[in-house]
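Here's the structure, in structure tokens; my notes come after.
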Amino acid sequence: LVVGPTGAGKTLMMEHFAASTGRPFVRIAHDQELDRARVFGKIDIVIEEDGNQITDFVPGVLPVSMSGPALVVMDEVSRAPGFATIQYQSILDRRTFLAPEAKPGKQIIKADPDWLIAATDNTKGNGDDMDIYSASNVQDASFINRLDIVIEQDYLLEDETRVRIDTLSDRLQSTEVHSLAKFSRFMHQALKSGTLMT
């Protein structure tokens, strides 16, 4: 679980890790448009090799990703609906995906040994006392306990921000770089204290 404030680079860190280890990156965004069928799978009409149409389980992006060394990120996991966290618990526990709708022999999908799953969030699963992240749900302890590692990702320090800005733009004067880094620090302090919301 990578935890930190909005815009600290949690998802970007995971994308960078996937790219640097040569893994496909799969991001599951937990918002109001989470599509159960797209993520987990659904029963659908399938055309077999011989041209016959049958009804079968078609796996979603999550079980499909388990066949190789992908990195799956459950983004903003505290916003995940109950049906998703129940499915995630089994995956985190046993590294298997259960599809009871599938035909016998295809109901259990086991993860590749190099397949990884991680989560990002603004809170550590215990809600948000400051009400900055009001859409965050308090997570079930049994779900949180299945996340083995918690990494806290904060905003860059002012010196780090200055180096980053300087690296990304060679057209800025050093005084402009210093001003932007200082402004960035003020914005981040305001976001963390709750005096600035967006």
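For the numbers below, each heavy atom of this structure counts, side chains included, while hydrogens, waters and symmetry mates do not. Keep in mind it's a predicted model, so treat the numbers as computed, not measured.
- Under the 4.5 Å side-chain heavy-atom criterion for Ile, Leu, Val, Met, Phe, Trp and Tyr, V2 and I28 are members of distinct hydrophobic clusters.
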Next item on the list: Give the C-alpha distance, both sets of side-chain angles, the deciding distance and a yes or no for side chain to side chain contact (heavy atoms under 4.5 Å, CB included) between V58 and V46.
Entry: CA-CA 8 Å; V58 178; V46 177; 3.8 Å; yes
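- For the atom pair CE (M74) and CZ (R27), the distance works out to 13.0 Å, reported to the nearest 0.5 Å.
- The two residues T161 and A181 come nearest to each other via the heavy atoms CG2-CA, 4.0 Å.
- Both I109 and F40 belong to a common hydrophobic cluster when Ile, Leu, Val, Met, Phe, Trp and Tyr are linked at side-chain heavy-atom distances under 4.5 angstrom.
- Considering OG1 of T6 and NE2 of H188, their distance stands at 10.0 Å, rounded to 0.5 Å.
- In this structure, a donor-acceptor pair under 3.5 Å is absent between the side chains of S169 and R171.
- H16 places no side-chain N or O within donor-acceptor distance of the main-chain N or O of L12, the cut-off being under 3.5 Å.
- Annotation: side chain of D44 is not in contact with side chain of T55 (no heavy-atom distance under 4.5 Å).
- A 4.5 Å side-chain heavy-atom check between I151 and L1 finds every atom pair outside the cut-off.
- Within the 4.5 Å cutoff, no side-chain heavy atoms of D112 are placed close to those of M66.
- Under the 6.0 Å cut-off for aromatic ring centres, H30 and F83 do not qualify, their centroids lying 6.0 Å or more apart.
- Atom CZ of R164 has 12 or fewer heavy atoms from other residues, nucleotides or ligands within 6.0 Å.
- Of all the heavy atoms in P24 and P69, the pair that sits closest is CD-O, 4.0 Å.
- Transitive grouping of hydrophobic side chains (ILVMFWY, heavy atoms separated by less than 4.5 Å) keeps L116 and L92 in distinct clusters.
- From S65, atom OG reaches atom CZ of F97 across 10.0 Å, with rounding to the nearest 0.5 Å.
- Nearest approach of A84 to A80, heavy atoms of both residues: CB-CB, 4.3 Å.
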Next item on the list: Kindly determine whether R23 and F17 satisfy side chain to side chain contact (heavy atoms under 4.5 Å, CB included), including the steps that lead there.
Entry: CA-CA 8 Å; R23 299 169 191 272; F17 176 76; 4.1 Å; yes
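- Not a single donor-acceptor pair under 3.5 Å links the side chain of Y155 to the backbone N or O of Q189.
- Not one N or O on the side chain of Q89 forms a donor-acceptor pair closer than 3.5 Å with the backbone of I86.
- Here NZ of K110 is found 10.0 Å from CZ of R94. Values are rounded to the nearest 0.5 Å.
- With contacts defined as side-chain heavy-atom distances shorter than 4.5 Å, the pair V39/L34 qualifies.
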Next item on the list: Verify side chain to side chain contact (heavy atoms under 4.5 Å, CB included) between K106 and F57, making sure each step is shown before the conclusion.
Entry: CA-CA 9 Å; K106 294 184 176 182; F57 177 73; over 6 Å; no
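- Paired with M14 under the rule side-chain contact (heavy atoms from CB on, under 4.5 Å), one option of V73, V72, D75 passes, and it is V73.
- Hydrophobic cluster membership is shared by M13 and L71, with clusters built from Ile, Leu, Val, Met, Phe, Trp and Tyr side chains linked at under 4.5 angstrom.
- Heavy-atom contacts from other residues, nucleotides or ligands closer than 6.0 Å to CD of E48 number more than 12.
- R95 contributes a side-chain N or O that, together with a main-chain N or O of W115, makes up a donor-acceptor pair within less than 3.5 Å.
- Between T96 and I91, every side-chain heavy-atom pair lies at or beyond the 4.5 Å cut-off.
- Atom CG of D56 and atom NZ of K103 lie 4.5 Å apart (nearest 0.5 Å).
- No more than 12 heavy atoms of other residues, nucleotides or ligands lie within 6.0 Å of CD1 in I45, so this atom counts as exposed by the packing criterion.
- Contact check for P5 versus L191: no side-chain heavy atoms found under the 4.5 Å cut-off.
- Residues V163 and L156 are not in side-chain contact: their nearest non-hydrogen atoms beyond the backbone lie 4.5 Å or more apart.
- Residue I108 qualifies as open at atom CD1: its count of foreign heavy atoms under 6.0 Å is 12 or below.
- The number of heavy atoms from other shown groups lying within 6.0 Å of CD1 (I149) does not exceed 12.
- Without hydrogens or angle criteria, Q107 side chain to P100 main chain gives a donor-acceptor distance under 3.5 Å.
- Looking at S90, its side chain never comes within 3.5 Å of a backbone N or O of Q87 through a donor-acceptor pair.
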Note to self: Determine whether V3 and V150 satisfy the following criterion, side chain to side chain contact (heavy atoms under 4.5 Å, CB included), listing intermediate values before the conclusion.
What the structure shows: CA-CA 7 Å; V3 180; V150 176; 4.1 Å; yes
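- Inter-residue side-chain proximity for N122 and K10 is flagged as met; some heavy-atom pair is nearer than 4.5 Å.
- Proximity of a side-chain donor or acceptor of S184 to a complementary backbone N or O of L180 within less than 3.5 Å is not detected.
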